[in-house]
Amino acid sequence: MSKKILVLAGDGIGPEIVAEAVKVLKALQAEGAIDVTLEEALVGGAAYDAHGDPLPESTLAAAKAADAVLLGAVGGPKWEPLHISKRPEKGLLGLRAGLGLFANLRPAVLYPQLAEASTLKPEIVSGLDIMIVRELTGDIYFGQPRGVETLPSGERRGINTMVYTESEVERICRVAFDIAMKRGKKVCSVDKANVLECTEMWREVATKTAADYPEIELSHMYVDNAAMQLVRAPKQFDVMVTGNIFGDILSDCAAMLTGSIGMLPSASLNEHGQGMYEPIHGSAPDIAGKGVANPLATILSVAMMLRYSLGAPEAAERIDAAVSKVLDQGLRTADILSEGKRQVGTAEMGDAVVAAL
Ligand SMILES: NC(=O)C1=CN([C@@H]2O[C@H](COP(=O)(O)OP(=O)(O)OC[C@H]3O[C@@H](n4cnc5c(N)ncnc54)[C@H](O)[C@@H]3O)[C@@H](O)[C@H]2O)C=CC1
Ligand SMILES: CC(C)CC(=O)C(=O)O
Ligand SMILES: [Mg+2]
């Protein structure tokens with residue numbers, strides 16, 4: 001039975017990097033390694049331009065009907081003047097909420113070939129393999145009340161609210177504990193329990209949930225310390241579990257441990273195993289249209305898709321191996337270029353991965 005993949009290229013570098021990931025999918029399809037049907041739709045700024053809505057009903061319906069969604073990125077300066085309800089980012093958040101994608105998995109792995117591309121000393125990052133588990137449908141990104149009001153004095157007041165229920169915290173912690181059971185059995189829960197009551201509850205629920213996982217070594221860390229520790233000694237971490245906004249920030253921070261944000265894939269899963277797969281970076285308007293963006297995070301997101309949602313682990317392994325092989329060949333996009341390596345553009349990097357499958 002052919003698996004349906006909805007392809008949402010989005011804005012900025014999104015179409016460029018998604019085109020390379022689609023090349024990989026089509027190559028595997030052509031040799032019969034996978035059986036997938038690709039459908040395209042608009043999301044983000046591209047959808048707003050065409051339909052006046054960053055997440056048209058037709059796109060959300062197609063996403064709900066798909067076995068998996070591949071998303072490039074959304075956003076850009078063109079749409080920044082829009083009311084926030086029409087911003088491209090609302091399309092992305094609407095997909096996450098609409099599909100119930102509460103569990104965002106962000107692996108930060110340093111390929112040995114990129115040790116010199118990291119801004120940190122090789123001995124600090126070599127062998128790095130962290131999984132950041134980010135809760136994706138709660139927190140201040142979705143909390144109410146929110147917005148900007150005008151006070152009687154005439155000045156404006158902006159408000160956003162960090163909100164979590166015990167069940168939302170328990171649910172994401174169980175995802176993290178289950179993942180850790182297949183890794184190093186260590187979970188660091190990141191919060192700001194010394195200031196924010198919401199995350200004080202987070203810490204209590206994480207501790208309570210861990211009682212069901214006696215083999216898991218659970219620790220807790222305040223988010224400011226966690227950001228520093230990620231740079232100081234990142235290999236102390238196995239699995240990190242945290243809320244939406246802290247996970248957003250810490251995963252970009254972790255990106256630089258791997259050499260570039262252009263290397264980090266992600267999987268966003270709901271309770272039914274359906275997922276949306278996207279690089280953790282954005283639409284990179286500063287390099288959009290130049291053909292220089294690194295497509296590897298998006299290609300590695302396809303490997304996560306094949307592993308987590310499409311039941312094709314062998315094909316996923318082939319993609320991971322092909323990426324490693326291309327790096328062994330010395331090919332580098334500008335963001336991961338180092339002395340003695342050959343610079344290639346987005347399309348050439350995608351072609352090289354296809355040839356290495
Ligand atoms: N999932 C999504 O769709 C996300 C969307 N955004 C949106 O993207 C737009 C730009 O946001 P920024 O803060 O600039 O973040 P960004 O992640 O797009 O770019 C940050 C920096 O990383 C570089 N970069 C990102 N991806 C790269 C790649 N694959 N290869 C080489 N270099 C890469 C960019 O050139 C830029 O210098 C905004 O509209 C923002 O809202 C931001 C984050 C995630
Ligand atoms: C619109 C943003 C929440 C996207 C983002 O920064 C992310 O998901 O990492
Ligand atoms: Mg982010």
Side-chain angles (χ1 to χ4, degrees), residues 96-97 100-109 128-145 160-255 257 264 266-273 275 280 304 308:
R96 291 171 174 175
L101 302 172
F102 74 95
N104 185 223
L105 311 186
R106 297 191 160 196
V109 176
L128 180 83
D129 182 343
I130 299 174
M131 175 65 83
I132 296 178
V133 178
R134 169 193 177 190
E135 200 287 330
L136 201 62
T137 54
D139 203 340
I140 200 166
Y141 288 6
F142 293 92
Q144 296 285 350
N160 288 99
T161 312
M162 179 180 274
V163 182
Y164 271 113
T165 63
E166 288 185 280
S167 54
E168 286 173 325
V169 177
E170 178 181 348
R171 180 173 64 168
I172 195 66
C173 286
R174 290 192 183 278
V175 169
F177 295 151
D178 290 337
I179 288 171
M181 285 300 292
K182 301 175 189 135
R183 293 169 52 98
K185 299 184 179 176
K186 283 173 59 181
V187 175
C188 179
S189 176
V190 176
D191 59 44
K192 193 62 181 174
N194 53 349
V195 174
L196 302 174
E197 295 88 338
C198 178
T199 70
E200 185 182 32
M201 184 200 79
W202 175 290
R203 184 174 290 209
E204 290 164 7
V205 175
T207 302
K208 182 180 168 194
T209 307
D212 291 341
Y213 297 81
E215 291 181 68
I216 292 290
E217 180 191 328
L218 173 67
S219 61
H220 301 277
M221 197 175 277
Y222 297 133
V223 62
D224 41 353
N225 183 21
M228 182 273 289
Q229 295 291 344
L230 264 179
V231 178
R232 188 188 71 85
K235 290 190 285 191
Q236 68 182 283
F237 299 108
D238 175 19
V239 174
M240 300 176 91
V241 62
T242 192
N244 209 337
I245 191 166
F246 296 161
D248 191 7
I249 296 164
L250 292 177
S251 54
D252 270 29
C253 180
L257 308 176
L264 266 63
S266 80
S268 303
L269 307 175
N270 62 23
E271 291 178 320
H272 315 297
I280 76 159
M304 293 186 83
Y308 286 101

Student check: side-chain heavy atoms of [X] and [Y] closer than 4.5 Å:
| X | Y | result |
| --- | --- | --- |
| Val163 | Phe142 | no |
| Asp248 | Arg134 | yes |
| Val239 | Ile216 | no |
| Val205 | Cys173 | no |
| Met240 | Gln229 | no |
| Met162 | Thr199 | yes |
| Arg96 | Asn104 | no |
| Phe177 | Glu215 | no |

**Q.** Pair Met221-Gln236, side chain to side chain contact (heavy atoms under 4.5 Å, CB included): steps then yes or no
**A.** CA-CA 12 Å; Met221 197 175 277; Gln236 68 182 283; 3.9 Å; yes
Q: With sequence neighbours excluded, tell me which residues meet side chain to side chain contact (heavy atoms under 4.5 Å, CB included) with Glu217.
A: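 In terms of side chain to side chain contact (heavy atoms under 4.5 Å, CB included), with neighbours along the sequence ignored, Glu217 is linked to Lys186.
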Q: Could I get the full list of side chain to side chain contact (heavy atoms under 4.5 Å, CB included) partners for Asn160, not counting sequence neighbours?
A: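 Checked Asn160 against side chain to side chain contact (heavy atoms under 4.5 Å, CB included); matches are Ile140, Arg146.
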Q. Looking only at heavy atoms, what is the nearest atom pair of Asn270 and Leu101, with distance?
A.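 That closest heavy-atom pairing would be N-CD2, 3.7 Å.
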My understanding is that only residues two or more places apart in sequence, or in another chain, count here; which of them pass salt bridge (Lys or Arg N to Asp or Glu O under 4.0 Å) with [X]?
| X | answer |
| --- | --- |
| Asp129 | Arg183 |
| Asp139 | none |
| Glu166 | none |

Q | Val175 and Leu105: CA distance, side-chain angles, deciding distance, side chain to side chain contact (heavy atoms under 4.5 Å, CB included) verdict | A | CA-CA 9 Å; Val175 169; Leu105 311 186; 4.1 Å; yes
Q. Is Glu271 paired with Arg171 through a side-chain N to carboxylate O contact shorter than 4.0 Å?
A.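 Salt bridge between Arg171 and Glu271, a charged N being under 4.0 Å from a carboxylate O: yes.
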(Q) What I want to find out is whether Arg174 reaches Glu170 closely enough, with some N-O distance under 4.0 Å, to be called a salt bridge. (A)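 Salt bridge between Arg174 and Glu170, a charged N being under 4.0 Å from a carboxylate O: yes.
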(Q) Test of understanding: with ring pair (Phe, Tyr, Trp, His ring centres under 6.0 Å), list the residues that count as partners of Tyr164, not counting sequence neighbours. (A)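 So Tyr164 forms a ring pair (Phe, Tyr, Trp, His ring centres under 6.0 Å) with Trp202.
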**Q.** Gln144, CD atom: more than 12 neighbouring heavy atoms under 6.0 Å
**A.**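 It does: Gln144 CD has more than 12 such atoms within range.
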